Amino acid sequence: QVQLVESGGGLVQPGGSLRLSCAASGSIFSINAMGWYRQAPGKQRELVAAITRGGSTNFADSVKGRFTISRDNAKNTMYLQMNSLKPEDTAVYYCNADVIVVPFGPGKYWGQGTQVTVSS
């Protein structure tokens, strides 16, 4: 039905930057809210940032001022620009989207995750 594919993860030094992308494909009528979550080893998955279809955003306190979320509705793609990265940002980052699927209706979908490692 719907596939979400993340890209852009990798190894970066503290203070560095990465840009994650999440591309949605399939029988999509429209995508409402989208978000980035992360899960570090031994910890619960947490919301990092979210964006509505209209562009309203919210961020976890731990990333405010360092991360920016954006989306391109025409391309069904979402981005996460991560600056001033810290070792505690190390985690698997997951894309999530509320999608209206033809002909089944609304559903919540997850990507497979992309690893971000911040280390010197």
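Quick caveat, the model's predicted, so the values are computed rather than measured. The first residue in the sequence is number 1, and the count goes up from there. Keep in mind that the numbers below use all heavy atoms, side chains included, and drop hydrogens, waters and symmetry copies.
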Seminar exercise, completed: So the salt bridge (charged side-chain N to carboxylate O under 4.0 Å, His left out) pairs with at least one residue in residues 23-34 (sequence neighbours excluded) are none

Exercise. Are Leu20 and Met82 side-chain neighbours, meaning at least one heavy-atom pair lies under 4.5 Å?
Worked result: yes

For this session: State which residue, out of Pro14, Ser120, Ser119, fulfils the side chain to side chain contact (heavy atoms under 4.5 Å, CB included) condition with Pro87.
Result: Pro14

Exercise. Would Val102 and Ile28 satisfy side-chain contact (heavy atoms from CB on, under 4.5 Å), going step by step from the backbone distance to the final call?
Worked result: CA-CA 6 Å; Val102 178; Ile28 298 170; over 6 Å; no

Exercise. Under 4.5 Å between side-chain heavy atoms, hopping through other hydrophobics if needed: is there a path connecting Leu80 to Tyr94?
Worked result: no

Exercise. Listed by chain and number, what are the side-chain hydrogen bond (donor to acceptor under 3.5 Å, both in side chains) partners of Tyr109, not counting sequence neighbours?
Worked result: Gln1

Exercise. Which pairs count as salt bridge (charged side-chain N to carboxylate O under 4.0 Å, His left out) when at least one residue sits in residues 8-31, sequence neighbours excluded?
Worked result: none

Exercise. What residue pairs, at least two apart or across chains, pass ring-ring contact (aromatic ring centres under 6.0 Å, His included) with a residue in residues 52-80?
Worked result: none

For this session: May I ask whether Val99 and Phe104 are part of the same hydrophobic cluster, defined by side-chain heavy atoms of I, L, V, M, F, W, Y residues being less than 4.5 angstrom apart, directly or through others?
Result: yes

Exercise. What pairs of residues pass the salt bridge (charged side-chain N to carboxylate O under 4.0 Å, His left out) test when at least one of them lies in residues 21-30, not counting sequence neighbours?
Worked result: none

For this session: Work out which heavy atom in Asn96 is nearest to a heavy atom in Met78; give both atom names and the distance.
Result: O-CE, 4.4 Å

Problem set entry | Exceeds 12 heavy-atom contacts within 6.0 angstrom, atom CD of Gln44 | no

For this session: Share the residues that join Val5 in a hydrophobic cluster, the rule being Ile, Leu, Val, Met, Phe, Trp or Tyr side chains under 4.5 Å apart at the heavy-atom level.
Result: none

Exercise. Hey, any chance Trp110 and Leu47 share a hydrophobic cluster, counting ILVMFWY side chains that come within less than 4.5 Å of each other, even indirectly?
Worked result: yes

Review item, side-chain donor-acceptor pairs of residues 30-38, under 3.5 Å, at least two apart:
unit_1: Arg38; atom_1: NE; unit_2: Glu46; atom_2: OE2; d: 2.7
unit_1: Arg38; atom_1: NH1; unit_2: Asp89; atom_2: OD1; d: 2.9
unit_1: Arg38; atom_1: NH1; unit_2: Tyr93; atom_2: OH; d: 2.9
unit_1: Arg38; atom_1: NH2; unit_2: Glu46; atom_2: OE2; d: 3.3
unit_1: Arg38; atom_1: NH2; unit_2: Ser62; atom_2: OG; d: 3.4

Exercise. Which heavy atom of Ala91 sits nearest a heavy atom of Ala40, and at what distance?
Worked result: CB-N, 3.8 Å

Exercise. Rounded to the nearest 0.5 Å, what separation is found between the CD1 atom of Ile51 and the OG atom of Ser70?
Worked result: 6.0 Å

Exercise. Does the side chain of Ser17 pick up a donor-acceptor pair with the side chain of Asn83 at under 3.5 Å?
Worked result: yes

Problem set entry | Member of Ile100, Val101, Asn76 meeting the side chain to side chain contact (heavy atoms under 4.5 Å, CB included) criterion with Val2 | Val101

For this session: Would you list the pairs meeting disulfide (SG to SG under 2.5 Å) in which at least one residue belongs to residues 33-88, sequence neighbours left out?
Result: none

Exercise. Salt bridge (Lys or Arg N to Asp or Glu O under 4.0 Å) with Lys108: which residues, sequence neighbours excluded?
Worked result: Asp98

For this session: Enter the distance from Gln115:CD to Thr90:OG1 here, rounded to the nearest 0.5 Å.
Result: 7.0 Å

Exercise. Does Glu6 reach the main-chain N or O of Gln112 with its side chain, forming a donor-acceptor pair under 3.5 Å?
Worked result: yes

For this session: Would you list the pairs meeting salt bridge (charged side-chain N to carboxylate O under 4.0 Å, His left out) in which at least one residue belongs to residues 48-61, sequence neighbours left out?
Result: Asp61-Lys64

Problem set entry | Pairs flagged by disulfide (SG to SG under 2.5 Å) wherever residues 5-114 is involved - sequence neighbours left out | Cys22-Cys95

For this session: Taking the side chain as every heavy atom from C-beta outward, state whether Leu18 and Leu85 have any pair of such atoms under 4.5 Å apart.
Result: yes

For this session: State which residues pass salt bridge (Lys or Arg N to Asp or Glu O under 4.0 Å) with Lys75; sequence neighbours excluded, sorted by chain then number.
Result: none

